[in-house]
Amino acid sequence: MYELSKQFIFDAAHTLDRKIETESSRRIHGHTYLAEVTIRGTADPATGMVMDVGLLGRLLESTRDALDHHFLDDVPDLGHATMENLCAWIWRRLIPACPALYRVTISRASNQDRCAYFGPEGD
Ligand SMILES: Nc1nc2c(c(=O)[nH]1)N=C([C@H](O)[C@H](O)COP(=O)(O)OP(=O)(O)OP(=O)(O)O)CN2
Ligand SMILES: [Zn+2]
């Protein structure tokens, strides 16, 4: 069994309602996000690949374009612009074309935050 991952970086702005740092979180501010998408599977003996990582990269291009330099509060179907919802949103976009999807993570190097999502039925 293999895990095959591809990462992409995007910069985006958002606001957030929270109980601490309330005022600064409600102001529009931005983060640099690192997204990592991981698929899990066996390698096809004919190709030696779980999936062509270049194909995975192509699937990620439109997802990155939909987030990079966007105001996340306005991204359709995202909900509150949290790392959790970003993971789930990316999952929902990719799962139809990528049924072997195993994990989506979002992290922010600026403050070492990281969130991993294993799908609606993952553990
Ligand atoms: N469970 C979650 N908690 C928080 C999230 C989240 O996505 N999931 N997001 C935030 C905010 O994005 C907040 O802006 C991050 O702020 P904070 O953790 O206080 O870190 P910094 O303000 O220092 O972040 P910088 O990127 O360094 O500006 C809060 N909680
Ligand atoms: Zn923030």
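In listed order, ligands and their atoms are each counted from 1. These numbers were taken from a predicted model, which means no experiment stands behind them. The first residue in the sequence is number 1, and the count goes up from there.
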Measure the distance from [atom] to every protein heavy atom, then report the residue, atom name and distance (to 0.1 Å) of the closest one.
atom: atom 25 (P) of ligand 1; answer: Ser110 OG, 3.7 Å
atom: atom 5 (C) of ligand 1; answer: Arg108 NH2, 3.7 Å
atom: atom 22 (O) of ligand 1; answer: Glu21 OE1, 4.2 Å
atom: atom 8 (N) of ligand 1; answer: Glu84 OE1, 2.9 Å
atom: atom 16 (O) of ligand 1; answer: Arg18 NH1, 3.7 Å

Tell me, which protein N/O/S atoms are under 2.8 Å away from the Zn ion (ligand 2)?
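The answer is His14 NE2, His29 NE2, His31 NE2.
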To which of His29, Lys19, His80 does the heavy atom nearest atom 14 (O) of ligand 1 belong?
His29
Does any N or O of ligand 1 fall below 3.5 Å from an N or O anywhere on [X], backbone included?
X: Thr82; answer: no
X: Asn111; answer: yes
X: Met83; answer: yes

Heavy atoms of other groups near Tyr2 OH, more than 12 under 6.0 Å
no
Verify the neighbour count for atom NE2 of His80: are there more than 12 heavy atoms of other residues, nucleotides or ligands below 6.0 Å?
no
Where's the contact between Asp113 and ligand 1, heavy-atom distance under 4.0 Å: side chain, backbone, both or neither?
side chain
With heavy atoms only and a cut-off of under 4.0 Å, state how His31 meets ligand 1: side chain, backbone, both or neither.
side chain
Look at the rings of His31 and His14 and say which category their plane angle falls in: under 30° parallel, 30 to 60° tilted, over 60° perpendicular.
perpendicular
For the residue pair Val104 and Cys87, what are the closest heavy atoms and their distance?
O-SG, 3.5 Å
